[in-house]
Amino acid sequence: MAVASNPETVEILINDIPVQVPKGELIVESVKRLGLEIPIFCYHPRMKPVGMCRMCLVEVGFKQPDGTVRKMPKPQAGCTLPADANMVVYTDSEMVHRDRKGVLEFLLVNHPLDCPICDRGGECPLQNNTLFYGPSTSRFTELKRHAAKAFPLSQYVTLDLERCIQCGRCVRFTEEISGDAELAFRFRGASMQPSTFELRDFGSKFSGNVIEICPVGALTNSKYRFRARPWDLETKPGICTVCSNGCNIWFDYRVQQMVRINGRANDAINEEWTCDKGKFGHEFYNSNERLTQPLMRQGGSIGPANWTDVYAEILKHFAEAGNAAAGIAGPVASCESYTLFKEMFAGFGSTSIDHRLYSNPVSNEIANAEKSSISSLESAKTILVFGNSLADDLPIIFLRVRKAWFKYGAKVIVAYSGANEVESFADVSLRYKPGTEEAVAKALSEAMNGALSAGVEAETGVAPSEYLRAAELLKGSGAPIISSAGLQNLKAGKEICASLQALAATINGRFNLYALGANEEGARQAGIVPGKGGKSVGDILKACKKGEIKALWILNSDLLNEYPDRKLVNEALESVEYLVYQGWEKNETTAYASVVVPMTAPAEEDGTYVNVDGTTQHFAPILKAREEARPAWRVFSDVMSRMNSKELIFSAAEIRERLAGATR
Amino acid sequence: MAELKLLFKHAHDPAYATLKGYQATGGYEALRKAVKGERQAVIDEVKKSGLRGRGGAGFPTWIKWNGIAKDKKGPHYVVCNADEGEPGTFKDKQLMEQTPFLLIEGMTIAGFATQADVGYIYIRGEFVDAARALRKAIDEAYKAGLLGKNILGSGWDYDLHIHLGAGSYECGEESALMSSLMGERGMPRLKFPHAPLPTVAGLWERPTVINNVETYACAPFIIQNGGDWYATMGASTKNSRGTKIFSVSGHVNKPGNYEIEFGTSLMELLEMAGGMKGGKLKACVPGGSSVPIIDAEACEKAIIGYEEMADVKSMVGSGGCMFLNEHTCIVNFIWRTALFYANESCGKCTPCREGTKWMFQILDRIRRGGGREDDIQTLLDICSQIDGRSFCGLGDAAAWPVAAALRVFPQEFEYFIKNGRSMVESEPALAMLP
Ligand SMILES: Cc1cc2nc3c(=O)[nH]c(=O)nc-3n(C[C@H](O)[C@H](O)[C@H](O)COP(=O)(O)O)c2cc1C
Ligand code: SF4
Ligand code: SF4
Ligand code: FES
């Protein structure tokens, strides 16, 4: 008998073919090594196996020393069975086929079979398994179970209980992945149904995922219900640009309209999940407030204009302003656009450009420090979350931190002023008084030396013993410290970040000041920060107010609502002589513009985006540009060619090639 | 053979439910003996006794006890399955109400043998009287130093808790019981080889022994008198030793619990229960509603023993023995049984969840006169699609009675389907029907 050389590896026989597999690997996974498949419903590779649906039954035996095979009397669930030495598995025997038919017949007896009107029809695991393995007719003639057909679990998720096959995937998702345990089964037997507690709103911040993992059309997308049949949709890979995490998504569209967003697997980033903000946050593509034409102010009112006039006007004001021109870039534009934005301002003779929409931006040294990758968080033994509500600010990082704890037993410390999801699994929670972040960061450092200054509890509201417990866990742990760039809006933002960086050094960890905007990292990497003698966002705004900045260019940011000091923005916008607003949607800020430059949204152009951990991702165009909207980089190129006869650039790829050449 | 009262010897004496009365009849001698010796010695005696689980499956008790790690690295648990949900079975109720100290001493002995820290008695929610009796007895035992810290000067601490269930048959299934005990929904957990045995990772993933009330109640006698002594009872059978309590019900003159020695015949048991009432013997479900039904002819041959009952295609089960007279309509009987299982399916796995309900729906239609010829084959198919395919034993337990009734009494189903009414003329009022 062949003895596996690696002690962790065992040899098993699948349909009489020998395979080496890691001991303990689930048989449902092992068969894939031979290109075989065991049909499943309840099994999900990212969750603990439960063996509920029985779709995956296989015949199992053990090879005896005399070479014969002793079969187990009952078929076994392949999704829960760990591979062991001498195991013999049959996935294709007569019994297995009979059992699959049996399970499918059972699953269908109470199923409404309303595939013709079901969202899932055409991409439904129940349809697929029935087609491949199920009986062609049913012997069931009794009354079917009747239940709610359109029960709203939340604004996003609608439950069709009749279609539910009670696989428990949704329930387990909320228990194992999102951790909010919002769903549970109630009642039993054939009446068992997934439900929220006391039928309250399904309040998970990740509720959209259950729609996708439901193997039938029971959990439906309230925004997508009955809007399309899957085969009428076109599907292309995309990147979510709602926040900095950069989740990989499937972008489904139909006649140039975004129809729905689904998670796309990428183990390094979002695994396969999305958050609700992202999954349901792409409606802007279809918005009626899209900017589709260049607009120019003449007299008191703003109206349509042609590109030639717009360019001439822009050039006049910005070239003239020179050093008194300034540019503020929002966090959602492509790297290609940021690159040319910077070049264009250099052409104007201005170094006052910035992308940091924070009142107290940190030093470049801290901002440019390398960040822990999302996937690396999962192997951290200890993690410190500081100063943010992680599930809201960095949802996908939240899921990884939770996984580190749930699956690998990491110790988590959270310091935040309010209730937050991390607390539910944190070993230590430092719920401090709002606004005392600086003192908390300092106390943590002090606690590392075991000497807390008096009055820390009175000041921060956290007992010294809690700081000491946190310090005990952090000591030498190499813990990543997870903060969001939002810290820079705190009065002492710079000092807090400096303390945390010092703390990271003492524990051999890394301080991560994770960006919040979709391509904030890209803007930073492209150097959209004030150059020599240049002004930061705050200083630009103040200078506008004083009339020192004459021409301001805002690249895709509703500054009034995105910069913390609304009053300052308001004054600046009212005072500045000339304002270019470039973006894809009308908002409060556009109202002040002298010129509105329509821009394509990410799915409408070719571009790259750098996510929160520094991963550069390419987003190929999916939809057509709206009317006259153009990629931002094209506008910059056009302006530059008019300014100093620079050669025109015709594609984003050209910019990428140029950049690649430059770094080579 | 007549009754052989071992566990029930003093059951009818109210003093036996007090510590004083219990000790007056030799109670706690066994524990005293056990804690003076080696832990392994206890397990060896249980092995010699040939004791097998009384909860239904008849699994050798010593193997479970011996499976607990000897080098203790954290808490060990002992759990008593007192859920007694199997229709027709009511022996544990009487044991707990009248002989609570037998269970407590038995669980303490098991705890000692397995180095346990805590024991839990999971009692069926409806058994309030049993819980009260146990509460009183446990309090007494604590006061006397027979539970709690440093039991009998042995230096060993052991606590015993009571937990009342909330009314689910499935919570008698050992892994579902543990889920329920841990505060989870009463659904079964993965079993070996899909997960470690409970003796390795049971309650809170710690080594756990789980046995039935009657199983534990046997332990004091085995330790006090020796395993060899215990094994002399039932020696006539292949592999069943000691006594077994049968809860006899149905059409008999004196329904109740009867303790007999293994090897007794089923007809002797019927005789003890006063013989048939209201008509001749037609059928018997010897071991609780889950076990296959047998006809009168098989009853004549049936010897009570785990292997012996298999000879007549049935089982000892939990000892819930129901005798049915000639006026019983088997279709109606099975209809009621199927309703029970459809109601009690926990819903976790497809075959049981959907199959039990479908079976009931078909039987219900037959019973209302709407039967069709192919119903019998469909029912048999459903049984085979459930049996061995479900997640836990409840599915099997739901399929066996239906399959057996169709095998043993096919003519009754055929008649009902063809004529739209029962073949049994004077069907007595099915008082238990809703
Ligand atoms: C559906 C189902 C219900 C059960 N109910 C009970 C019960 O109420 N009481 C009991 O002792 N065992 C019950 N069992 C058996 C237990 O799972 C287990 O075998 C028993 O507790 C082991 O104890 P023993 O070895 O002492 O028999 C049930 C099993 C199944 C599958
Ligand atoms: S709603 Fe969907 S995912 Fe949830 S249990 Fe039902 S079938 Fe499974
Ligand atoms: S985490 Fe951010 S990037 Fe990912 S789906 Fe949610 S909003 Fe989009
Ligand atoms: S996939 Fe294995 S039981 Fe559901």
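Residue numbering restarts at 1 for every chain, and letters A, B, ... go by the order of the sequence lines. Worth saying up front: this structure is predicted, and the values here are computed from it rather than measured.
Proximity to chain B is absent for every atom of M87(A), based on heavy atoms less than 4.5 angstrom apart. Proximity to chain B involves both the backbone and the side chain of V103(A), based on heavy atoms less than 4.5 angstrom apart. Heavy-atom distances place the side chain of K357(B), and not its backbone, under 4.5 Å from chain A. Contacts between M55(A) and chain B at a heavy-atom distance below 4.5 Å are absent for every atom of the residue. Contacts of L57(A) with chain B are made by side-chain atoms alone, with heavy-atom separations under 4.5 Å and no backbone atom involved. Looking at F187(A), only its backbone comes within 4.5 Å of chain B, counting heavy atoms on both sides. For E344(B), the parts sitting under 4.5 Å from any heavy atom of chain A are the backbone and the side chain alike. Heavy atoms closer than 4.5 Å to chain A are found in the side chain of D396(B), but not in its backbone. With a 4.5 Å cut-off on non-hydrogen atoms, N343(B) touches chain A through its backbone but not through its side chain. Interface residue M192(A): only side-chain heavy atoms are found under 4.5 Å from chain B. With a threshold of 4.5 angstrom between heavy atoms, R189(B) does not approach chain A through any atom at all.
Within the 3.5 Å criterion, the main-chain N or O of A399(B) finds no donor-acceptor partner in the side chain of D387(B).
More than 12 heavy atoms of other residues, nucleotides or ligands shown are found within 6.0 angstrom of CZ on R407(B). Under a cut-off of 6.0 angstrom, the local environment of NZ in K144(A) is crowded, with over 12 non-hydrogen atoms contributed by other residues, nucleotides or ligands.
In this model, no donor atom of one side chain and acceptor atom of the other lie less than 3.5 Å apart for S204(A) and E182(A). Remark: the R389(B) side chain and the T350(B) side chain contain no N/O donor-acceptor pair separated by less than 3.5 Å.
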>> Apply side-chain contact (heavy atoms from CB on, under 4.5 Å) to residues Y306(B) and N239(B) and explain how you reach the verdict.
In response: CA-CA 7 Å; Y306(B) 293 105; N239(B) 212 355; over 6 Å; no
>> I'd like to know whether K191(B) forms a salt bridge (Lys or Arg N to Asp or Glu O under 4.0 Å) with E173(B), so could you lay out the CA-CA distance, the side-chain angles of the two residues, the decisive distance to 0.1 Å, and finally the verdict.
In response: CA-CA 12 Å; K191(B) 308 223 164 66; E173(B) 196 280 343; 2.8 Å; yes
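Proximity of T141(A) to I362(B): side-chain heavy atoms (C-beta onward) are nowhere separated by under 4.5 Å.
Note on ring orientation: taking the six-membered ring where Trp is involved, the planes of W405(A) and F425(A) are parallel (angle under 30°, cut-offs 30° and 60°).
Annotation: maximal heavy-atom pairing with chain B below 4.5 Å, among E142(A), K74(A), R145(A), Q76(A), occurs at E142(A). Your options are D84(A), D99(A), L26(A), V109(A), and the one with the most heavy-atom pairs under 4.5 Å with chain B is D99(A). Counting heavy-atom pairs closer than 4.5 Å to chain A, the top-ranked of the candidates E354(B), Q385(B), H194(B), R372(B) is H194(B). Between chain B and the residues A184(A), P75(A), P73(A), the largest count of heavy-atom pairs under 4.5 Å involves P75(A). Listed options A342(B), S390(B), G370(B), A195(B) were ranked by heavy-atom pairs under 4.5 angstrom with chain A; first place goes to S390(B).
Taking the ring centre of F106(A) as origin, the terminal cationic atom of K101(A) falls outside the region bounded by 6.0 Å and 45° from the ring axis.
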